[in-house]
Every structure is written in structure tokens, then in C-alpha cells.
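What follows is a set of notes on a single structure, which appears directly below.
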2 protein chains.
Amino acid sequence: MARSTHPRPGKKPAKPYHHGDLRRALLDEALRTIQTYGVEHLTLRTVGERLGVSRSALYRHFADKQSLLATVGKEGFRKLRQTTTDAWEQNGRGRAGFQAMGKAYVQFAVAHPSHYRVMFGGFIESAAKDDHFLAEAKAAFKVLVDALVEQQNAGDIRRDDPVVMARFVWALFHGTAMLVIDGQLPEEVQRDPLGHYTFERLYASIRQETLRT
Amino acid sequence: MARSTHPRPGKKPAKPYHHGDLRRALLDEALRTIQTYGVEHLTLRTVGERLGVSRSALYRHFADKQSLLATVGKEGFRKLRQTTTDAWEQNGRGRAGFQAMGKAYVQFAVAHPSHYRVMFGGFIESAAKDDHFLAEAKAAFKVLVDALVEQQNAGDIRRDDPVVMARFVWALFHGTAMLVIDGQLPEEVQRDPLGHYTFERLYASIRQETLRT
DNA sequence: ACCTGAACACCGTTCAAGT
DNA sequence: ACCTGAACACCGTTCAAGT
């Protein structure tokens, strides 16, 4: 553990300067600021100050503010993936699991509106969306595709191209989430994010029609 | 038409200082900057400079940057309303008109992504959303509701609460628009914004089922 | 009534210098 | 290797002063 000589593979020398893990601390503090005050109020100076660190210390760990933001967004996609996966698996998959997944999706956005906006709101310039970011976003989308494929195999829903179906479903979840956190939907809808009606109509549109022979 | 004596008590003295209508010019220039470089690159200084006017001249016409942005957003809702109304009316209403309306909606977002983001992306703080802004947003939504009611009366679609239906449809349009302008959907989808599949599934979910007696 | 110009309190980012 | 502190070129907003 006392190794301080390492060419590349070394990422964390385990012997820090100020913090145990300043990079992690910066990310946490940034997220905290974003959640509390919104992305537009996130300043590197305050983040540094709050950690008792110079405002330029951040540049040891991130290329710039965009890079910090991209990492925050990336971690958002990971959390979103986990919460939707859990909802799907812990609610018996199938139709009930799928509904739980949709609710979990929208609820994530409602619970972390600013974080969700960082992921989708155009704050991260495309130049900053590195491979890790894109991979994480893709993985979150794949959860949806997988859930659809499984329901297709169970004969519950239509056998359309699952990726095309997933985009359709995603648009509905995403649109609902965005409208809710933008305050465009009334209070009542905020309490029941992905409402019964929405899911009923969604499922009606993708379920396997019983063939009339 | 040659009236320079205007209806409402002294708004524009018709005798300007620098520009014929600096307020209008500021809005146009702001929108131009937003469309070209994005909201996050909009600075009052550059807007002023570009119009050959001091950077503080703006404060004669708007309370602050938020107020300018709110007006830009408000005008976006008006344009959106006009384009969707036109699509609906010029395509024979009914199912075809409704599809045209959906396409027009998403196409508006694709053609003016930054403008659309100003309207929905949380750039305008809720304090800045005055009555005019909210009224314009509401009016844009009403177009959708009206189109649904008309289709209900024609017996084409379900007789659910039209406002609830409209929210459902809106979420789908909005989600599609947002995902497209965020680059989350592949190129092909960008060229055909509200794809055939999406509309097919949407209409299947809201159309009036033929009753089997 | 409308606009200017200087001033203020903020930004993100860079870079020589410290340990 | 990691961080500091001063410097730079930017912001939005205010306000006395000009016409």
C-alpha cells in the first residue's frame, strides 16, 4: 500500500493531500449544489470553498466545468438504470413490473429534477459527452429494451422492433418527467407522476391484441 | 392603418431614441443569439453591442435578463400554437390533421431547438413566468385539447376527459421533441421527427374501439 | 423618456509558485 | 503529485449623469 511509484495504472495513490478523495468530494458537493439551487447556480468557486479547497484545485481532477458536469450526468444515468431495474425486478416483471418501472423512472426525475435536467437538458455540450457518458446513457436505455423483449417473449406485448418500441415508451416517460419537473402539469399529477391513465393508454397501445379468428 | 395613436395608454411614444423599437430589436437579437449559439451563450453585453447600444440600455425595456428570456419563451409558445393550428386546419383535421399537428409540433422543436429549450428547459425561473407567459403556454396546450374534442365529437377517438388525454399526447410529443434535440435518437429519427410508428401507436391508444356487440 | 459609462460583485480558467 | 494565489478576461446589475 506504500507504493508511490506507479507510471500509469496508478489512479489513486491512497495517500491524499487534503481529502481522502477530492474528486469524489467535488462530485458530491456539485450534485448537492445542483439539487439544492439548480445547475445554473453551480459555481466552481463555491464548490471549492465548501470543501475548504482552492477554486483551482478542481482542475487536477477534471478538465473543466463541462467535464465535471458530464460526470454528474453520467452518474445520474447509472442511478436511473439501477432504480428502474430494481422496480422491474421487484414487481414481478410483466405488466406490473413494467408499470413500476415507468413510475420509478418519472419518480427519479421528480425527486432529482436538477440532476435529471443535467442529464438531458443540454447543459452538457456534446464535446463533453465522452464514451463513458454515452455508454451509461445507452445502458439506461437498454433496461427498457430488455423489459420489452421479455414481455414479447411472454406473449404479452406486440412483436415490433423492441428498440423502436423502447424509443416510443421512452419518449412518453421522458416527456412526462420533463413536463412534471417544469411545472407544466398540475399539482395532483406531481403526486402521481406516471398516472394511471397514461400507463393504461400506453399499455393499450403496445399490448398484444387477442387475435379474432 | 396609419394610426400612431395607440389603444393602450402610452406604451410607445413613437419618437424613439436610437432604434425604432429597441425592445423589439433586443428580442430579435436575443433570439438570434439563442438559435445560433444557445441560451447559455446569451449575454446582454453582446446583444447590446450588436445593436450599437449600451449594455445597460436593455434595462429600460426589461426588468432583467430573466424577463427578456421569459418574453422570448412566451413568443415561442405563440409560434408553436400558430404552427400546430395551421397544420391541423390545413390537413383536413381528423386523423390526418392530428398527425400533421404532431409532426408540426416536433418539427418546431427540431427547427428551433434552443428556443424550445428556453420554453421548457428550466432556464426561466418560475418567478419570471408572469401571467402573459402562462397564458401563452396555456393557449398552446389548448390547441391540442380542442383538436381532441373535435375528434371525440366526430366519434373517432375515445371520450375520456380531453384535458387528461391532451396531457398524455403532449407528454409523447414533448418527450419525442426533447429526445431528438438532445441527440438521444439516431439520425434517421431526426429527419422524420414524429415517426410513423410513434403516431400509429399513439392513435391506436386513443382511437374509439369499434364495439363488438 | 431614454441612454451612457463607470463601478461593483461576481464568474471560469490559467499559470507560476509552493509543498 | 497535488494544491495555492494572483491574474486575466469575462459576466449581470446598479446608478449618477448626460441629452
Side-chain angles (χ1 to χ4, degrees), chain A residues 1-27 29-30 33-34 37-72 123-125 127-128, chain B residues 4 6 8-27 29-30 33-34 37-72 118 123-125 127-128:
Chain A
M1 277 304 187
R3 297 165 74 253
S4 56
T5 48
H6 38 42
R8 274 286 322 308
K11 275 269 177 173
K12 300 173 208 157
K15 206 213 89 189
Y17 193 82
H18 219 148
H19 280 81
D21 190 348
L22 183 54
R23 188 188 139 89
R24 186 66 258 160
L26 286 164
L27 281 169
E29 189 56 46
T33 306
I34 288 169
Y37 305 103
V39 212
E40 50 279 1
H41 293 111
L42 174 72
T43 74
L44 302 187
R45 300 163 114 84
T46 330
V47 169
E49 242 167 52
R50 211 118 53 183
L51 293 173
V53 116
S54 153
R55 50 179 169 258
S56 42
L58 177 140
Y59 289 86
R60 263 315 117 180
H61 302 278
F62 298 95
D64 51 18
K65 194 182 182 179
Q66 277 295 309
S67 169
L68 172 69
L69 230 44
T71 309
V72 169
F123 293 98
I124 304 171
E125 293 173 15
Chain B
S4 57
H6 30 68
R8 294 259 322 301
K11 272 269 179 174
K12 300 171 206 159
K15 207 214 88 190
Y17 193 85
H18 218 148
H19 280 81
D21 190 350
L22 183 54
R23 189 190 138 89
R24 186 67 255 161
L26 286 164
L27 280 169
E29 189 57 44
T33 307
I34 287 169
Y37 305 103
V39 212
E40 50 280 359
H41 293 111
L42 173 73
T43 74
L44 303 186
R45 300 164 115 83
T46 332
V47 168
E49 245 168 50
R50 212 120 53 184
L51 293 173
V53 114
S54 151
R55 51 178 168 259
S56 42
L58 177 137
Y59 289 86
R60 263 315 118 180
H61 303 278
F62 298 95
D64 50 18
K65 194 181 182 181
Q66 278 293 310
S67 168
L68 172 71
L69 230 43
T71 309
V72 169
V118 170
F123 292 98
I124 304 171
E125 293 173 14

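So you know, we letter chains A, B, ... as the sequences are listed, proteins then strands, and number each from 1. Both backbone and side-chain heavy atoms feed into the values below; hydrogens, waters and symmetry mates do not.
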Self-check item: Identified side chain to side chain contact (heavy atoms under 4.5 Å, CB included) counterpart of Glu29(B) within the set Thr46(B), Ile34(B), Leu51(B)
Solution: Leu51(B)
Quiz item: Closest approach of Ala30(B) and Val72(B), non-hydrogen atoms and distance?
Solution: CB-CG2, 4.5 Å
Practice problem: Please state how far atom CG in Asp64(B) lies from atom P in dC15(D), giving the value in whole angstrom units. | Solution: 14 Å
Practice problem: Using atom CG of Asp21(B) as one end and atom C1' of dA1(C) as the other, report the distance to the nearest whole Å. | Solution: 15 Å
Quiz item: Would you say His61(B) reaches dC3(C)'s phosphate, i.e. side-chain N/O to OP1/OP2 under 4.0 Å?
Solution: yes
Quiz prompt | Sugar-phosphate, base or nothing in reach of Leu68(A), heavy atoms under 4.0 Å | solution = nothing
Can you check nucleotides 5-10 of chain C for protein contacts, nitrogen or oxygen pairs under 3.5 Å, and list what you find?
unit_1	atom_1	unit_2	atom_2	d
dG5(C)	O6	Ser56(B)	OG	2.7

Quiz item: For the pair made of CG in Leu26(A) and C1' in dC3(D), what is the distance, rounded to whole Å?
Solution: 12 Å
Practice problem: Check His61(A) against Leu26(A) and note the closest heavy-atom contact, atom names and distance. | Solution: CD2-CD1, 4.2 Å
Quiz item: Please give, in whole Å, the distance from dT4(C) P to Leu44(B) CG?
Solution: 14 Å
Quiz item: If you check the Val53(B) side chain, which of dC3(D), dT4(C), dG12(C) turns out closest?
Solution: dT4(C)
Quiz item: Quick one: which of dG12(C), dC3(D), dC3(C) gets closest to the side chain of Leu22(A)?
Solution: dC3(D)
Quiz item: Nearest heavy-atom pair of Ala128(A) and Ala70(A): which atoms, and what distance?
Solution: O-CB, 3.5 Å
Quiz item: If pairs are Watson-Crick or G-U with both distances under 3.5 Å, what is the dot-bracket string of DNA chain D, marking crossing pairs with [ ] and pairs to another strand with |?
Solution: ||.|||||...|||||.||
Quiz item: Of the nucleotides dG12(D), dT13(C), dC3(C), which has the atom closest to the Arg60(B) side chain?
Solution: dC3(C)
Practice problem: Without swapping roles, check the side chain of Thr71(B) against the backbone of Ser67(B) for a donor-acceptor pair under 3.5 Å. | Solution: yes
Quiz item: Sub-3.5 Å donor-acceptor pair from the side chain of Gln66(B) to the main-chain atoms of Ala127(B), do we have one?
Solution: no
Quiz item: Is the backbone of Leu42(B) close enough, under 3.5 Å, to the side chain of Lys65(B) for a donor and an acceptor to pair up by distance?
Solution: yes
Exercise. Taking all heavy atoms of Tyr59(B) and all of Asp64(B), pick out the closest pair and write down the distance.
Key: CE2-CA, 4.0 Å
Quiz item: Contact class for Leu42(B) vs. all strands (heavy atom < 4.0 Å): base, sugar-phosphate, or nothing?
Solution: sugar-phosphate
Exercise. Check the distance between dC2(D)'s P and Arg23(A)'s CZ and give it to me in whole angstrom.
Key: 12 Å
Quiz item: Is there a side chain to side chain contact (heavy atoms under 4.5 Å, CB included) between Leu58(A) and Leu22(A) once you walk through the steps?
Solution: CA-CA 8 Å; Leu58(A) 177 140; Leu22(A) 183 54; over 6 Å; no
Practice problem: May I ask you to check whether Arg50(B) and Thr33(B) show a side-chain donor-acceptor distance below 3.5 Å? | Solution: yes
Quiz item: If you pin Tyr59(B) and Ala57(A) to their nearest nucleotides in DNA chain D, which one's is more 5'?
Solution: Ala57(A)
Quiz prompt | Spacing of Leu51(A) atom CG relative to dC3(D) atom C1', expressed in whole Å | solution = 13 Å
Quiz item: Rounded to whole angstroms, how far apart are CD on Glu40(A) and C1' on dG12(C)?
Solution: 17 Å
Self-check item: Between dC3(C) (P) and Phe62(B) (CZ): distance, integer Å
Solution: 12 Å
Practice problem: Identify which nucleotide among dC11(C), dG12(C), dT13(D) has an atom closest to any side-chain atom of Thr46(A), counting heavy atoms from C-beta outward. | Solution: dC11(C)
